[in-house]
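Every chain is numbered from 1 and lettered A, B, ... according to where its sequence line falls, protein lines coming before strand lines.
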Amino acid sequence: MITIRISDLGKRYGATTALDSLNLQIGLGVTGLLGPNGAGKTTLLRCLATALAPDAGRLSILGLDPFVAAQRTQLRRRLGYLPQDPGLYPNFTAYDLLDYIAVLKELTDRQRRQAEVRRVLAEVGLADRAKTKVRKLSGGMRQRLGLAQALLGEPDLLILDEPTVGLDPEQRMLFRALISRLGETRTVLLSTHQTEDVSALCERVVVLSGGRSVFDGTPRELAELASGKVWLSAGPAPTGVYWRNAEGEYRTLGDRPVQGEPTPPSIEDGYLTLMGSDAAGVVR
Amino acid sequence: MTLIATRALAATEATLLARSGIVWAATALTAMLGLVWSRAGTSTWASVASRAGMASLVLAGVLLLLGHLAASRDHRYGVSETTASLPAPPFRRTRALLALLPVAAVLGAFAFGLQLVGAAASQPAGPLDPWAALVPIVLPVLGVAVGVSVGRWLPSAAAGGLTLFATTAVLATLPVVGATPDALAWRLFPVELVDGDRSRPAAPGWHLIYLLAVLSTVVAVALLRHRRLVPAAFVVAGLALAVVAIHQTAGPDREAGTASVPSHPVQATRGFWGTEP
């Protein structure tokens with residue numbers, strides 16, 4: 001079921017094109033957005049979260065047109081958004097912050113609001129930090145609090161911009177469990193640089209580059225772009241991207257090195273293959 | 001839904017302000033200053049009200065800062081992107097911030113009430129003019145309204161402090177610039193100084209109308225941030241009323257001007273500014 005339809009979406013910042021006639025359809029479940037810095041991921045998420053108006057194109061989100069003021073307000077009632085840098089008020093307690101955001105989300109019934117705040121605090125594992133001031137929370141806890149505010153009101157659409165930044169492995173695992181559960185019944189769109197998150201969570205992955213979609217498929221399909229191009233060998237390869245792994249072997253993406261043995265590609269390999277020399281240069 | 005949501009947000013903003021320790025400390029300081037100043041001067045109810053008005057400027061200043069902090073909260077902490085995706089529009093949020101005005105009025109009334117109780121022990125002479133008695137309540141309201149308005153237009157962290165500094169400088173200058181108590185600069189001062197050799201017979205009704213007109217202008221300026229027509233009309237009407245009211249407090253016209261509103265003359269005795277007659 002398609003919940004987001006993006007047609008010829010454009011956004012420019014002065015001379016810089018952030019989104020270039022982007023066309024995309026996103027359905028229920030968890031969709032991951034990958035792409036290099038400046039690819040337009042954050043701009044796209046801002047537009048979908050109605051925090052930024054596009055310059056051109058059409059959008060239909062949950063059957064609503066965000067260009068129409070009344071429908072935009074309706075849409076905002078049904079979405080949860082975690083920006084890349086959610087800010088948060090440092091002098092509020094975690095509970096007060098969520099209560100305040102809940103009021104802004106029009107959860108007007110006090111008892112229901114209090115129950116909802118307690119629920120999301122428990123969801124992100126911060127129930128015991130409800131009375132702690134935000135400024136006293138660690139970076140990971142703040143990130144979870146940011147996620148908690150996005151979860152308020154059980155939104156039909158969750159837009160998460162780099163949600164796993166600052167999370168330790170245990171917190172990341174809890175996050176994955178939470179997001180995969182949420183993705184069963186709603187649309188979750190997350191932007192990340194963590195390809196492990198994409199392979200662990202996403203049913204679908206979209207790769208953006210230069211404000212355009214350059215790949216749209218499953219994580220397996222993305223990985224298969226590097227099929228037959230990933231090798232393990234005792235010595236370094238003359239060409240391609242390579243690095244020495246924990247076992248002391250060289251893992252090469254590119255032409256077969258001397259005595260190279262083929263190995264299954266990862267999403268990262270597929271991504272690097274897709275992005276070509278620019279991404280390869282960064283890795284090397 | 002809109003009205004209910006605005007009410008819920010207003011209640012939250014009011015609660016956040018009322019829970020601030022700073023605001024209660026400022027209220028206590030205001031009450032204490034008013035009491036100390038009352039004991040230092042002539043014991044008339046008019047002077048008690050006047051000194052309470054002066055003391056309430058402290059509370060008004062603190063509320064200006066807190067109002068600005070509340071109105072600029074999103075900008076200062078980079079939460080604007082999060083709140084932009086929420087259904088509460090900026091206009092509703094500004095209207096909700098106006099809930100700080102009645103809280104300020106309650107705080108002003110509380111501080112003034114303490115001063116009245118304290119002053120009653122010395123049995124001050126004369127009547128307590130009800131219009132003059134409202135000034136220590138209106139000034140904190142005006143303070144928080146200025147803070148909210150500035151916060152909506154200039155949300156940078158420094159703007160609140162700079163506004164307080166500028167306001168204090170202007171207020172301190174007004175009685176100095178005014179050569180006589182009937183001078184315009186003197187009459188623009190938010191408190192009618194009723195004793196001292198530079199005092200003048202009061203027109204508390206018109207003075208209060210002047211303050212309320214300025215208040216409505218400041219509130220309208222805050223709402224004008226959202227490009228609505230009605231606040232623009234209120235800005236014009238408020239300014240016009242303020243000009244009329246200030247004109248009515250002038251010496252030659254005052255008798256006619258105060259015919260419809262209560263006022264009472266006050267004897268000048270010892271000076272509030274430390275000038276003995």
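Both the backbone and the side chain of A:Leu104 come within less than 4.5 Å of a heavy atom of chain B. When heavy atoms are compared at a cutoff of 4.5 Å, A:Asn91 approaches chain B solely by way of its side chain, counted from C-beta outward. Interface remark: B:Arg93 contributes side-chain atoms only to the contact with chain A (heavy atom separation under 4.5 Å). Proximity to chain A (any heavy atom under 4.5 Å) is shown, for B:Thr82, by both the backbone and the side chain. Contact of B:Ser80 with chain A is not made at all, since no heavy-atom distance falls under 4.5 Å. For A:Gln149, the part sitting under 4.5 Å from any heavy atom of chain B is the side chain, from C-beta outward, and nothing else.
Among B:Pro89, B:Ser85, B:Ala96, the residue with the largest count of heavy-atom pairs under 4.5 Å with chain A is B:Ser85. Chosen from B:Thr12, B:Leu16, B:Leu9, the residue pairing most often with chain A at heavy-atom distances under 4.5 Å is B:Leu9. The greatest number of non-hydrogen atom pairs below 4.5 Å with chain A, out of B:Gly78, B:Pro87, B:Ala8, is found for B:Pro87. Taking chain B as the reference chain and counting heavy-atom pairs below 4.5 Å, the highest number among A:Ala51, A:Ala49, A:Pro83 is found for A:Pro83.
By the 4.0 Å N-to-carboxylate-O rule, A:Arg112 lies too far from A:Glu116 to be salt-bridged with it.
In this structure, B:Arg73 satisfies the cation-pi test against A:Tyr100, with its NZ or CZ atom closer than 6.0 Å to the six-membered ring centre and inside 45 degrees of the ring normal. Figure legend: cation-pi geometry between B:Arg51 and B:Trp37 absent, as NZ or CZ is not positioned both under 6.0 Å from the six-membered ring centre and within 45° of its axis.
Atom CD1 of A:Ile26 sits about 8.5 Å away from atom OG1 of A:Thr187, to the nearest 0.5 Å. Summarising the geometry, atom CG belonging to A:Leu82 is positioned 10.5 Å from atom CD1 belonging to A:Ile159; distances are rounded to the nearest 0.5 Å.
Here the options are A:Leu152, A:Leu158, A:Leu157, the test is side chain to side chain contact (heavy atoms under 4.5 Å, CB included), and the partner is A:Pro155; only A:Leu158 passes.
No side-chain heavy atom of A:Arg76 sits less than 4.5 Å from a side-chain heavy atom of B:Leu86.
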